[in-house]
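Every value quoted in this text rests on a predicted model; they were computed, and no experiment measured them. Residue numbers begin at 1 in each chain, while the letters A, B, ... track the order of the sequences.
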There are 2 protein chains.
Amino acid sequence: MALELTTAQALQLWQKANLHFVRDEDPDLSMRQMSILLTVYLEAPPHTVRGLASRLNVSKPVITRALDSMGKQNLISRRRDDNDRRNVLIQRTVEGALFIERLADTIMAVASRQEQR
Amino acid sequence: MALELTTAQALQLWQKANLHFVRDEDPDLSMRQMSILLTVYLEAPPHTVRGLASRLNVSKPVITRALDSMGKQNLISRRRDDNDRRNVLIQRTVEGALFIERLADTIMAVASRQEQR
DNA sequence: CTTAAATGGTACGGGTCCGTAACAATTGAG
DNA sequence: CTCAATTGTTACGGACCCGTACCATTTAAG
């Protein structure tokens with residue numbers, strides 16, 4: 001499946017997707033949490049607290065707390081790095097991968113819905 | 001300018017755009033504020049507090065407060081409806097239009113940057 | 001006129017998130 | 001062995017946002 005995308009349509013896509021997550025998504029993740037999750041799943045590992053903090057340009061506690069809450073939802077997991085036990089490696093989970101998959105489908109559905117108008 | 005968009009690329013676009021707004025955007029709007037602003041600028045007027053509240057599926061005070069804060073930044077303005085003075089009409093501003101324009105450019109820039117890889 | 005309905009705003013208590021500053025555990029340099 | 005540097009976490013005070021409940025204004029029905 002593929003779509004043509006002009007500037008105006010990109011903006012509409014952004015609006016529709018945002019609107020969808022505001023309207024319908026149940027306990028929606030904050031923008032920062034979503035960024036962390038997407039970064040972990042779309043960029044190459046390894047991912048550490050400090051690495052994510054500098055990638056997102058936020059403080060370390062933001063990452064720690066986001067990992068706490070997303071960990072409770074089983075969207076990510078943490079493991080100590082055995083090579084350097086100061087590091088914590090952030091890892092993907094099955095639930096997280098499914099979440100990302102549904103996310104992609106949702107965005108694509110929004111995009112094609114607007115295409116059909 | 002136009003881009004092809006597959007499901008994987010739509011997801012990447014969503015990640016890159018979110019990441020950009022987390023990293024770089026100065027006093028970033030919340031997702032709800034952004035939805036309100038985009039709805040006012042991309043959907044047909046008139047826009048009222050109650051209308052936006054039901055469109056976004058949130059309570060009225062959320063809209064009132066968002067309009068307060070975005071009003072201070074001159075991104076939108078309010079005017080009493082002379083036909084029915086209970087209504088408040090939310091109106092676009094020059095600054096808001098410029099903001100939306102830059103927003104569209106930013107998203108498109110993110111999209112084409114990922115295209116070039 | 002009187003009164004009920006509708007609209008937007010405000011008060012309030014509660015929850016969440018933030019960044020700074022401290023802390024514990026671990027590593028590596030000397 | 002000692003101690004400074006690094007990493008992640010926790011404590012804390014403050015800022016922001018939320019929804020419910022109430023209020024003021026305006027409209028329309030009777």
Side-chain angles (χ1 to χ4, degrees), chain A residues 18-19 21-40 45-73 75-93, chain B residues 18-40 45-73 75-92:
Chain A
N18 270 280
L19 191 55
F21 288 117
V22 169
R23 281 187 56 95
D24 303 331
E25 215 62 12
D26 333 78
D28 49 1
L29 303 177
S30 74
M31 208 178 238
R32 289 183 171 192
Q33 290 175 329
M34 178 139 3
S35 275
I36 293 171
L37 194 66
L38 287 164
T39 299
V40 169
H47 297 287
T48 65
V49 172
R50 214 172 190 81
L52 288 172
S54 87
R55 178 94 178 102
L56 300 207
N57 198 27
V58 295
S59 65
K60 283 181 297 175
V62 168
I63 306 295
T64 295
R65 286 184 294 247
L67 294 180
D68 286 344
S69 78
M70 292 192 292
K72 279 179 193 161
Q73 307 175 54
L75 296 177
I76 52 96
S77 72
R78 281 187 269 206
R79 186 171 63 79
R80 278 281 163 193
D81 181 352
D82 287 331
N83 294 0
D84 184 342
R85 299 186 49 73
R86 287 171 301 183
N87 285 332
V88 165
L89 301 177
I90 291 94
Q91 301 188 299
R92 303 166 187 172
T93 65
Chain B
N18 271 278
L19 191 54
H20 175 270
F21 288 116
V22 169
R23 281 187 57 93
D24 302 331
E25 215 62 12
D26 335 77
D28 50 0
L29 303 178
S30 75
M31 209 178 237
R32 288 182 170 194
Q33 289 175 330
M34 176 131 19
S35 275
I36 293 170
L37 194 65
L38 286 165
T39 299
V40 169
H47 297 287
T48 64
V49 172
R50 215 172 190 82
L52 288 172
S54 87
R55 178 91 178 103
L56 300 207
N57 198 25
V58 295
S59 64
K60 282 180 298 173
V62 168
I63 306 295
T64 296
R65 288 184 293 248
L67 294 181
D68 286 343
S69 77
M70 292 192 291
K72 278 179 193 160
Q73 307 175 53
L75 296 177
I76 51 96
S77 71
R78 283 187 267 207
R79 187 170 62 79
R80 278 283 164 192
D81 181 353
D82 285 331
N83 294 1
D84 183 342
R85 299 187 48 75
R86 287 172 302 184
N87 286 330
V88 165
L89 302 177
I90 291 92
Q91 300 188 299
R92 303 166 187 172

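Of all non-hydrogen atoms in B:Leu56 and B:Arg32, the two that sit nearest each other are CD1-O, 4.1 Å. Among all heavy-atom pairs drawn from A:Arg92 and A:Pro45, the shortest one is NH2-CD, 3.8 Å. Residues B:Arg78 and B:Thr64 approach most closely at NH1-O, 3.8 Å, considering heavy atoms. Nearest heavy atoms, A:Met70 versus A:Ile36: CE-CG2, 3.8 Å. Between B:Ser69 and B:Gln33, the shortest heavy-atom distance links the atoms OG-NE2, 2.9 Å.
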Using a cutoff of under 3.5 Å, can you pull out all pairs of nitrogen or oxygen atoms linking the protein to nucleotides 19-25 of chain C, with atom names and distances?
residue : atom : partner : partner atom : Å
C:dG19  : OP2  : A:Ser59 : OG           : 3.0
C:dG19  : N7   : A:Arg65 : NH2          : 3.2
C:dG19  : O6   : A:Arg65 : NH1          : 3.0

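Residues B:Val22 and A:Arg55 form no side-chain contact, since every pair of their non-hydrogen atoms from C-beta on lies 4.5 Å or further apart.
C:dC18 atom P lies 8 Å from atom CD of A:Gln33, rounded to whole Å. If you measure from atom CG of A:Asp84 to atom C1' of C:dA29, you get 15 Å, rounded to the nearest angstrom. Atom NE2 in B:His47 sits about 13 Å away from atom P in C:dG8, given to the nearest Å. Atom CG in B:Leu67 sits roughly 10 Å away from atom P in C:dG8 (whole-Å rounding). A straight line from CG of B:Leu52 to P of C:dG8 spans 9 Å, rounded to a whole angstrom. Between B:Arg79 atom CZ and C:dG9 atom P there is a gap of 14 Å when expressed in whole angstrom units. Atom-to-atom, CE of A:Met31 to C1' of C:dT16 comes out at 17 Å; the value is rounded to the nearest Å. Separating the CG atom of B:Leu89 from the P atom of C:dG9 is a distance of 11 Å, rounded to the nearest angstrom.
Residue contacts shown for A:Ser30 are absent, as no nucleic acid heavy atom lies under 4.0 Å away.
Here B:Ile90 contributes atom CD1 and B:Thr39 contributes atom OG1; the two are 11.0 Å apart, rounded to the nearest 0.5 Å. Considering CG of B:Leu29 and CG of B:Leu75, their distance stands at 6.5 Å, rounded to 0.5 Å.
Put simply, chain A comes within 4.0 Å of DNA chain D, heavy atom to any atom, from D:dT6 to D:dT10, going 5' to 3'.
Nearer to the 5' terminus of DNA chain C, by closest-nucleotide assignment, is the contact made by B:Asp68 (compared with the other of B:Asp68 and A:Arg80).
Checking side-chain atoms of B:Arg79 against main-chain N and O of B:Leu89 turns up no donor-acceptor pair under 3.5 Å.
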